[in-house]
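Report on one structure; see the data block that follows.
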Amino acid sequence: MTTTYLNADLHCHCLASDGTLSPEDLAARARANGVDLWALTDHDEISAQRRAAAAAREQGMAYLTGTEISVTFADTTVHIVGLGFDPDDARLVQGLADTRCGRGERARDMAEQLARVGIGGAYEGALQFVGNPALISRTHFARFLVDSGVCRDTAEVFRRYLTEGRPGYVPHRWAGLGDAVRWITQAGGVAVLAHPARYKLGATEEFALFSEFKAHGGQGVEVVTGSHSVAEYAIYAAMAQEFDLAASRGSDFHSPDESHIDLGRLPPLPGALTPVWELLAERIHPAA
Ligand code: AMP
Ligand code: MN
Ligand code: MN
Ligand code: MN
């Protein structure tokens with residue numbers, strides 16, 4: 001497989017986490033947009049991997065297994081994408097189950113806070129948007145707040161609610177960085193630091209994140225992602241080189257109504273970088 005012009009989209013979500021489409025609809029949409037290599041990366045969840053791989057094959061598209069693990073690092077939530085792992089690996093399956101398990105209680109606490117500022121029924125409201133009861137997330141609350149007319153769109157929700165210092169924000173302890181990286185790598189996959197520009201870390205903390213991620217066995221970083229600006233592509237391309245990390249590319253597509261970057265519709269990776277899929281040649285499910 002040639003890599004220079006490969007349209008790889010290695011980050012998106014389906015109904016098994018906080019996306020609004022099925023794996024089959026995502027696969028069809030990715031293919032229609034010209035994706036050659038695809039990975040579905042649901043938050044803390046791999047239950048849709050078999051369907052996604054089958055749907056990719058159906059579309060004549062190569063596939064890598066994927067997930068996006070929620071991690072707490074320096075009191076900040078950081079996301080680690082795993083690619084190309086064995087989805088039946090027992091430690092990975094257990095680690096993801098443990099990471100998911102606090103979400104129900106957190107969601108009830110979020111609803112309680114929202115009720116205190118006059119927004120009632122948020123737990124039941126968010127549940128209406130949930131495709132997987134084990135994976136209730138802030139995104140589902142955001143959809144409820146838009147649907148019920150409290151906010152115009154999800155961007156407004158995350159400005160006014162659900163984020164640090166705002167009503168509905170409940171601090172949560174997710175997986176450890178080293179644990180998440182090990183679950184992925186011990187299952188034969190590659191760990192990728194997701195959308196690093198999104199974290200509110202100072203330069204020293206960011207350096208520590210990259211260093212520790214690498215020391216635990218992390219091998220990749222998202223450079224071209226729907227969560228980065230064009231200026232940030234260049235900043236994190238330089239960071240990939242500085243830390244000798246392979247580069248990943250992914251839209252982080254969640255929904256046709258909410259995501260401003262569609263599947264596969266991203267610029268190519270900057271030329272000097274090693275694409276992460278070059279580390280995963282053996283793990284790719286071929287197009288057919
Ligand atoms: P959770 O895992 O429950 O904390 O939810 C995190 C999810 O909320 C992310 O994966 C995004 O899908 C969504 N999210 C977080 N911040 C924002 C934001 N500022 N704008 C839109 N979506 C966001
Ligand atoms: Mn999400
Ligand atoms: Mn993320
Ligand atoms: Mn994501």
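Read the numbers this way: they start at 1 and go in the same order the structure lists the ligands and their atoms. Starting from 1, each residue takes its place in the sequence as its number.
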Measuring from the Mn ion (ligand 2), name the closest N, O or S atom belonging to Asp18.
OD2
Restricting to N/O/S, name the atom of His195 that gets closest to the Mn ion (ligand 3).
NE2
When the ring centroid of Phe253 is compared with that of His13, is the distance short of 6.0 Å?
no
Quick check: does His13 put an N/O/S atom under 2.8 Å from the Mn ion (ligand 4)?
yes
Distance alone, cut at 3.5 Å: any donor-acceptor contact between the side chains of His195 and Glu222?
no
Minimum heavy-atom distance between Leu114 and Ala122, given as atom pair plus value
CD1-CB, 3.8 Å
Can you name the N/O/S atom of His79 that is nearest the Mn ion (ligand 3)?
ND1
Classify the side-chain pair Ser70/Asp44 by whether it contains a donor and acceptor separated by less than 3.5 Å.
yes
Decide whether His43 and Asp18 meet the rule of one side-chain donor and one side-chain acceptor closer than 3.5 Å.
yes
Would His43 count as a contact for the Mn ion (ligand 3), in the sense that one of its N, O or S atoms lies under 2.8 Å from it?
no
Taking both backbone and side-chain atoms into account, decide whether His11 has an N/O/S atom under 2.8 Å from the Mn ion (ligand 3).
no
Please confirm if an N, O or S atom belonging to Asp252, backbone or side chain, lies less than 2.8 Å from the Mn ion (ligand 3).
no
Give the atom name of whichever N/O/S atom in Glu68 sits closest to the Mn ion (ligand 4).
OE1
Quick check: closest heavy atoms across Pro23 and Ala48, and the distance to 0.1 Å?
CG-CB, 4.0 Å
